[in-house]
Amino acid sequence: MVAVIMAGGKGTRVASVSRDIPKPMLPVNGKPVLEHQVACLQRQGITDIIISIGHLGDQIQAYFGDGSRFGVHIRYLREAVPLGTAGALYDLKGSVDEDFFLINGDLIFDVDLHRLMAFHKAAQAAATLLGHPNDHPYDSGVILADAQGRVSGWLTKEEERGWYRNCVNAGIHVLSPALLEKLDAPRKTDLDRELLKPLIPTGKVYVCRTPEYVKDMGTPERIAQVERDLQTGLVERKNLRQRQRAVFLDRDGTINRHVGFLRRPEEFQLLEGAAEAIRWINRSGYLAIVVTNQPVIARGEVTWEGLDEIHRKMETLLGREGAYLDDLFICPHHPDRGFPGEVPAYKMDCGCRKPKPGLLLQAAEKYHIDLPGSWMVGDQLQDAQAGEAAGCRAVTLAGGRSLLDAVKGMGL
């Protein structure tokens, strides 16, 4: 597999840190950002690397040479003039004949790239974006996609968006070499606006969502945060090749006010301290995963589209307070019949309706979760029973205890 790293930018936002070295060469814990990237690729057996260089690019080439010192083989694409985020790809035409990784050069990441490539190939995508939730979605571009990951829209931070899922382009992509044929000359080209967004109507653009660690070096504050995360081992631990730990969260009565069967977004209101509690989980390195029974689907009282709008509101409100969910697992079933408008296909005694552990087991399989090292938190006995059946430690919110109280008591 081939990885192309775009390292030609000027890094104007971090100019206060250094004006005389290229942004990908900024030192993070004693090594350039780009060296962290090369090491992550090399560990996963991706050793054929192409680096696109421009501004102060001689420093990059002098440091890495042919890559042999780092256990890889490196080639270079040189921009004589700035060509944007995709213009330099023109020079790849004819030299790359397989799907390849395209990586922004200002990222610190540790991501299971084989998982990303497998998703891309299974979807038969022309382009796959790595998407993730972050703690500032309100000022990030947001990707809209269906349950299979097929992208339907891509909103900039300036666009009106209503309620939205917290899924942001992480800056790591898999592209088909066929896309290179759309580049007719080595001119300044914006990858997102000119190459990927126009492809969305074809149904060939997908997003693979991940909870793994990806942060850009856009500000001095983010550099400081990444250095702390590298020192504590958080960056490496978040790679899905490693066993993960999670805090599984019930929804109603745990994150939002319990109003009985919640049927409309207007009824959804965050509980006090819920966002702070989830921020605490996010910063601990545990995954924050909602597992929720939603019999309103089986009862015919809420459609999947209506439920998705409720959950978009939940993610939007959490994002405004710097908190995010890594995923959400739903049981739509209900065993009892006789409701007007019920959906027969969902009327069953399933294995995923709490107190059964099915939702937690699904999450564990998807994210390589160590269940004995994880927690289940909810306001009902059935939540605790589901957690214990899955092998987790369980906390029941009772007697006025809040989610924040519970999380602080876990010692995460």
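Model, not experiment: these values are computed from the prediction. All values below were derived from every heavy atom in this structure, side-chain atoms included, with hydrogens, water molecules and symmetry-related copies excluded.
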Checklist entry - Angle class for the Tyr206/Phe119 ring planes (parallel below 30°, perpendicular above 60°, tilted otherwise)? => result perpendicular

Side-chain donor or acceptor of [X] paired with backbone N/O of [Y] under 3.5 Å:
| X | Y | value |
| --- | --- | --- |
| Glu194 | Asp190 | yes |
| Gln37 | Asn104 | yes |
| Asn169 | Leu129 | no |
| Glu276 | Glu321 | no |
| His173 | Leu102 | yes |
| Arg299 | Phe339 | no |
| Gln380 | Thr396 | no |
| Glu267 | Arg264 | yes |

Next on the checklist: I'd like to know if the side chain of His120 pairs up with that of Asp99 as donor and acceptor (distance under 3.5 Å, no hydrogens or angles considered).
Outcome noted: yes

Item to check | No-hydrogen, no-angle side-chain donor-acceptor test under 3.5 Å, Gln225 and Arg222 | outcome: no

Checklist entry - Checking Arg69 against Tyr63: charged group under 6.0 Å from the ring centre and within 45 degrees of the axis? => result yes

Checklist entry - Which of these, Arg251, Arg165, Gln294, sits in a side-chain hydrogen bond (donor to acceptor under 3.5 Å, both in side chains) with His311? => result Arg251

